[in-house]
Amino acid sequence: MAVTKVINFLMRKLPNWVVYIILVLPAVYLTFALLGNQLGPDPIRTYQHKVGEFGLKLIIIGLFITPLRDLFNINFFKFRRCIGLMAFLYVCLHFLSYLVLDQSLNFNEVWKDIVKRPYITFGMISAGIMLFLSLTSNNLSVKILGPIYWKRLHQLVYLVSLGAVTHFLLLTKAWQIEPMIYFIILIGLLGYRALKAYQKRILNKKRNIS
Ligand code: HEM
């Protein structure tokens with residue numbers, strides 16, 4: 001299709017560094033707005049929510065890359081690492097705003113929160129796995145671990161996305177529409193992956209028989 005060809009051509013031409021800059025801009029803007037006290041009546045909460053949402057959106061966008069290629073032949077693969085790392089940047093800012101501005105670096109209180117509040121537990125698990133995935137998002141790690149094991153390890157991103165959406169679902173007292181939308185999209189994306197893996201297994205079995 002002509003449209004797909006044009007999109008893929010443009011994506012091939014677009015350098016990775018441009019995408020890094022585009023994705024980092026909201027973080028820079030929000031951080032300066034926070035420092036300049038320009039985020040409304042509750043700047044810390046606004047900042048925390050906005051960077052948290054950016055992080056979650058980027059995690060979900062990253063999960064769209066494979067189905068977009070499989071189903072529509074649109075190839076954003078080149079930007080996968082960039083999107084993952086930028087998602088981690090927003091999650092770091094989100095966590096730091098909680099650690100420094102909410103808890104004033106009181107690690108005792110943070111630990112109490114992790115144990116007492118399930119939404120913090122899920123957030124911490126997701127952020128912890130993301131740290132590990134970000135540290136191994138480089139060519140050297142692919143070389144050391146081998147591409148198959150590395151790929152398997154990076155499938156932990158599904159766990160990250162589930163933990164992050166659960167974090168969002170749990171922190172709202174009443175059922176709210178926004179986290180529910182993320183949840184439904186995520187179920188669709190993970191369902192697609194599960195179906196693909198199942199089809200692959202059946203195909204391999206058939207191949208082994210014949
Ligand atoms: C993958 C990791 C994470 C993602 C994607 C994420 C995302 C989010 C999102 C989308 C929100 C709601 C924003 C809104 O209401 O508009 C939120 C709220 C929040 N998150 Fe996270 N989060 C993560 C990890 C964490 C961690 C590790 C902590 C702290 C240990 C944390 C603490 C909070 C707090 C305190 C709130 C606000 C709760 C409130 O307003 O009462 N998050 N997060």
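One-based numbering, in listed order, for ligands and for the atoms of each.
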Response to the item:
Per-atom filter on ligand 1: closer than 4.0 angstrom to a heavy atom of I120 are 29 (C), 30 (C), 32 (C)

Worksheet item: So is F122 in contact with ligand 1, going by heavy-atom distances below 4.0 Å?
Response: no

Discussion item. What protein heavy atom lies closest to atom 1 (C) of ligand 1? Include the residue and the distance to one decimal.
Written reply: S126 CB, 3.5 Å

Worksheet item: Just wondering, do P15 and V18 contact through their side chains at under 4.5 Å, heavy atoms?
Response: yes

Worksheet item: Are any non-hydrogen side-chain atoms of T166 and Y119 less than 4.5 angstrom apart?
Response: no

Discussion item. Just so I know, are the side chains of F168 and E178 near enough to count as touching, which here means a heavy-atom distance under 4.5 Å?
Written reply: yes

Practice prompt. Can you figure out which of G123, G163, S161 has its heavy atom closest to atom 24 (C) of ligand 1?
Written response: G123

Worksheet item: What is the closest protein heavy atom to atom 41 (O) of ligand 1, and at what distance does it sit?
Response: Y119 OH, 4.2 Å

Worksheet item: Is there a nitrogen or oxygen of E178 sitting under 3.5 Å from a nitrogen or oxygen of ligand 1?
Response: no

Worksheet entry | atom 5 (C) of ligand 1: the protein heavy-atom neighbour that sits closest, reported with distance to 0.1 Å | A164 CB, 3.7 Å

Discussion item. Within the 4.0 Å heavy-atom shell around R45, which atoms of ligand 1 are there?
Written reply: 40 (O)

Discussion item. Quick check: do K196 and Y192 have side-chain heavy atoms less than 4.5 Å from each other?
Written reply: yes

Worksheet item: What protein heavy atom sits nearest atom 11 (C) of ligand 1, and how far off is it?
Response: L171 CD2, 4.0 Å

Discussion item. Please list the nearest protein heavy atom to atom 7 (C) of ligand 1 with its residue and the distance rounded to 0.1 Å.
Written reply: G52 O, 3.5 Å

Discussion item. Polar contacts were defined as any N/O atom of the residue lying under 3.5 Å from an N/O atom of the ligand; does this apply to H167 and ligand 1?
Written reply: yes

Discussion item. Minimum distance, heavy atoms only, to atom 17 (C) of ligand 1: which one of H94, K50, Q48 is it?
Written reply: H94

Worksheet item: Ion pair present between K112 and E109, side-chain N to carboxylate O less than 4.0 angstrom?
Response: yes

Worksheet entry | Nearest protein heavy atom with distance in Å, relative to atom 12 (C) of ligand 1 | F168 CE1, 3.4 Å

Worksheet entry | Rounded distance (nearest 0.5 Å) linking atom NE2 of H94 with atom NZ of K50 | 13.5 Å

Worksheet item: Quick one: does D102's side chain get under 4.5 Å of S97's, heavy atoms only?
Response: no

Worksheet item: Tell me, which protein residue and heavy-atom name are nearest atom 2 (C) of ligand 1, and how many Å apart are they?
Response: V91 CG1, 3.5 Å

Fill in: Close side-chain approach of Y90 and L56, heavy atoms under 4.5 Å
no

Worksheet item: How about I177: does its CD1 atom have over 12 heavy atoms from other parts shown lying under 6.0 Å from it?
Response: no

Worksheet item: For E53 and ligand 1, does the shortest N/O to N/O distance drop below 3.5 Å?
Response: yes

Worksheet item: Counting only heavy atoms, which portion of M130 has something under 4.0 Å from ligand 1: side chain, backbone, both, or neither?
Response: side chain

Discussion item. Would you say that V91 contacts L131 through its side chain, given a criterion of any heavy-atom pair below 4.5 Å between the two side chains?
Written reply: no

Item to complete: Give me the ring orientation class for W150 and H154: parallel if the planes are under 30° apart, tilted from 30 to 60°, perpendicular past 60°.
Response: parallel

Response to the item:
Rounding to 0.5 Å, atoms CG (N75) and OG1 (T4) come to a distance of 11.5 Å

Worksheet item: M124 heavy atoms, cut-off 4.0 Å: which ligand 1 atoms fall inside?
Response: 27 (C), 30 (C)

Practice prompt. Kindly indicate whether the side chain of Y47, heavy atoms from C-beta on, has any atom under 4.5 Å from the side chain of T31.
Written response: yes

Item to complete: Indicate yes or no: does an N/O atom of D102 lie under 3.5 Å from an N/O atom of ligand 1?
Response: no

Worksheet item: Which atoms of ligand 1 sit under 4.0 Å from any heavy atom of F95?
Response: 27 (C), 29 (C), 30 (C)

Worksheet item: Which protein heavy atom lies closest to atom 39 (C) of ligand 1, and at what distance to 0.1 Å?
Response: H49 NE2, 3.7 Å

Response to the item:
Under 4.0 Å from one or more heavy atoms of Y98, ligand 1 contributes atoms 29 (C), 30 (C), 35 (C)

